[in-house]
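What follows is a single structure, written as structure tokens, with notes after it.
The figures that follow rest on heavy atoms only: side chains count, while hydrogens, waters and symmetry mates do not. Per chain, numbering begins at 1; letters A, B, ... match sequence-line order.
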Amino acid sequence: MEEENKRFSTQPLKGMEDSYPSNLRLDNWIIDQIRDIIEVYCYEEYSGPLLEPIEIFAAKSSEELVQEQAYWIKDKRNKKLILRPEITPTLARMIARKSQEFKKPIRWYSVPTCYRYEDTQRGRRREFIQFNVDILGENSLYAELEILNIIIDILTSFGATSEQFQIYYNNRRFIDAICDFILKVPKNKISLIYNLLDKSNKLEEKEFLETINDNFKEEIIKQGILILKDAKSIQEVLNKFNNIPDQFLESQGYKELSEIENLIQDLDITEYCSFASNVVRGLDYYTGTVFEVFDTGKENRRAIFGGGRYDNLLSLFSNEELSGIGFGMGLLMLKLFLETYNLIPEEIMNSDYSDVIYIASINIKQSQYAHKIARELRYEEFPCIIDYRFENLGNQLKKASELGVRVSLILGPKEMEQNRITIKNMVTEEQKIVEFDNIIDEIYNIFDDLD
RNA sequence: AGGUGAGUAGUGUAAUAGUAGCAUUGGAGUCUGUGAAGCUUCAGGUGGUGGUUCAAAUCCUCCCUCACCUUCCA
């Protein structure tokens with residue numbers, strides 16, 4: 001007889017999330033707090049387009065990132081565009097375009113929403129917000145220190161302690177030097193070493209040994225990998241290798257890593273930072289220092305985020321050489337970390353009407369008067385709400401009470417006639433009639449009393 | 001890509017083949033110049049398709065989504 005209307009699903013797309021006010025309040029609270037930290041280090045915020053030509057990702061990011069994980073579209077002229085899966089290529093493009101314009105070092109940060117078409121799991125969505133903090137054109141290792149400090153400040157500002165997180169650092173050139181000068185690993189197999197180290201904590205001991213045996217025959221290399229895997233300090237690595245050639249001690253990688261270690265000691269942040277030779281990071285463009293921040297909890301030891309130093313950021317766009325170091329931090333993973341340790345204050349989750357002025361009126365004739373008052377209050381930056389029912393005062397006050405409002409104004413024919421306002425302290429239930437001109441002072445008085 | 005588990009009003013839960021119920025939330029009122037209780041009332045649901053059956057939230061199929069794990073990768 002009649003056709004039922006087909007309704008659409010109210011679910012967002014897989015891996016995407018609706019941000020209701022209660023969620024967004026939390027996100028914004030976290031973002032604001034991080035922003036405060038980054039800005040006292042004098043980093044400036046930048047942002048770029050959500051859509052980019054696909055080539056700048058195809059060239060620099062990994063093949064897989066673009067081929068399998070990218071959202072892309074064709075525009076009306078059939079040009080292939082990508083929804084950014086990360087913002088670093090955009091940063092590179094922006095810097096390259098005007099690189100002469102900026103004083104070095106460049107300290108920038110961004111809070112982009114990025115997209116990756118991948119399988120969702122804990123801490124991973126298809127749409128995500130990722131803090132990116134980079135310092136560019138500062139080649140000294142003090143840049144590394146600054147980044148470490150920022151990370152420590154961010155996490156401790158939420159109340160996290162060194163018991164709860166730890167920054168594990170390493171240096172790719174250090175690993176390179178060991179491979180070159182001590183283990184004599186063929187050049188083309190170095191990336192395999194990276195891979196193995198990266199996996200060393202994820203695989204069972206037995207599996208790991210098998211994987212090593214599958215890939216390398218030389219006993220010295222096999223032993224070398226195991227030494228690296230377990231080493232807790234640079235000194236320990238050196239102690240366990242025999243016959244360390246001078247070439248190694250002269251190498252950039254060894255020098256850099258030792259220097260970083262010294263700086264960390266000088267700055268007295270050793271409680272937050274540890275050497276870990278198995279931290280190498282997946283991305284190819286990292287060249288020097290690399291680090292990962294871990295949740296050290298025994299139950300769910302896991303990486304929260306990481307970063308490192310990359311040379312030649314601009315190589316896609318120009319010949320100019322610019323080195324940088326930075327990190328990318330997913331908001332979601334950070335949230336999970338904070339939740340784990342109960343570092344999110346409960347009051348953030350609830351909406352707060354405690355500073356709101358609620359305007360209730362006896363009847364519709366007070367409409368204009370109510371608006372006049374609201375205008376005055378808002379001009380003074382008091383948030384206020386007019387109840388548009390303009391009748392049945394009891395129900396209006398009930399609503400105010402339910403919202404948690406602490407100050408209500410009541411307008412009736414009497415008040416309007418005399419240009420006055422009834423102001424009611426909802427907590428003490430006291431009320432009085434005041435002159436229109438005094439209303440601001442009276443509101444301050446009530447809030448002062450209550451606080 | 002593979003694996004495990006789960007989907008019943010906004011939320012939390014009952015109904016194991018036989019009337020989809022309870023609580024809470026939401027709206028309106030009770031109460032036309034005074035709020036938090038109580039009461040009244042309204043709204044809102046079996047993720048979707050197909051099948052078995054007299055009868056499906058319940059059994060079967062496929063799909064979707066969520067959670068977690070593995071793989072992969074920031």
Could you encode protein contacts along nucleotides 33-47 of chain B as a string, one character per nucleotide from 5' to 3', using B for base contact, S for sugar-phosphate-only contact and - for no contact, with a heavy-atom cut-off of under 4.0 Å? BBBB-----------
B/S/- along nucleotides 1-9 of chain B (protein heavy atoms under 4.0 Å) is B--------
Write down the distance separating the [atom1] atoms in [N] and [M], rounded off to the nearest Å.
N: B:A56; M: B:G48; atom1: P; value: 15 Å
N: B:C62; M: B:G27; atom1: P; value: 44 Å
N: B:U24; M: B:A67; atom1: C1'; value: 25 Å
N: B:G21; M: B:A15; atom1: C1'; value: 7 Å
N: B:A37; M: B:G26; atom1: P; value: 10 Å
N: B:C22; M: B:U46; atom1: C1'; value: 16 Å
N: B:A55; M: B:C69; atom1: C1'; value: 40 Å
N: B:U58; M: B:U71; atom1: C1'; value: 36 Å

How many Å lie between [atom1] on [X] and [atom2] on [N], as a whole number?
X: A:M333; N: B:C73; atom1: CE; atom2: P; result: 17 Å
X: A:R389; N: B:U30; atom1: CZ; atom2: P; result: 11 Å
X: A:R116; N: B:C72; atom1: CZ; atom2: P; result: 16 Å
X: A:K365; N: B:U32; atom1: NZ; atom2: P; result: 17 Å
X: A:M16; N: B:C66; atom1: CE; atom2: P; result: 10 Å
X: A:D387; N: B:A28; atom1: CG; atom2: C1'; result: 13 Å

Please find the pair of heavy atoms, one from A:Y71 and one from A:M16, that lie closest to each other, and give the distance.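 Heavy atoms of A:Y71 and A:M16 come nearest at OH-CE, 3.4 Å.
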Describe the nucleic acid contact of A:G306 in one word from base, sugar-phosphate, nothing, applying a heavy-atom distance below 4.0 Å.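 Touches a base.
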Most 5' of A:F305 and A:G15 on RNA chain B, judged by nearest nucleotide: A:G15
Should A:R125 be listed as having a side-chain N or O under 4.0 Å from OP1 or OP2 of B:C66? no
So, is A:R122 close to the B:U70 phosphate, meaning a side-chain N or O under 4.0 Å from OP1 or OP2? no
Taking the inter-plane angle between the rings of [X] and [Y] on a 0 to 90° scale, is it parallel (under 30°), tilted (30 to 60°) or perpendicular (over 60°)?
X: A:F294; Y: A:Y168; value: perpendicular
X: A:Y41; Y: A:Y43; value: perpendicular
X: A:F327; Y: A:F291; value: perpendicular
X: A:F165; Y: A:Y272; value: parallel

Pairing partner of [N] (Watson-Crick or G-U wobble, both distances under 3.5 Å):
N: B:C31; value: none
N: B:U8; value: none
N: B:A74; value: none
N: B:A37; value: none
N: B:U19; value: none
N: B:U49; value: none
N: B:G44; value: none

Any donor-acceptor N/O pair, [X] side chain to [Y] backbone, under 3.5 Å:
X: A:S110; Y: A:N132; answer: no
X: A:R126; Y: A:T120; answer: no
X: A:E402; Y: A:L397; answer: no

Will you find, in the side chains of A:Y115 and A:E127, an N or O donor that is under 3.5 Å from an N or O acceptor? yes
Look at A:K398 together with A:D387 and state whether they make a salt bridge at an N to O cut-off of under 4.0 Å.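 No, this pair does not count.
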Consider side chain to side chain contact (heavy atoms under 4.5 Å, CB included). Of A:L91, A:T90, A:I95, which one does A:R93 pass it with? A:T90
If you go through the side-chain atoms of A:R124, does one of them form a donor-acceptor pair with the base of B:C72 closer than 3.5 Å?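 It does, because a donor-acceptor pair links the side chain of A:R124 to the base of B:C72 below 3.5 Å.
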A:E391, nearest nucleotide to its side chain (from B:G29, B:C66, B:A74):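 That would be B:G29.
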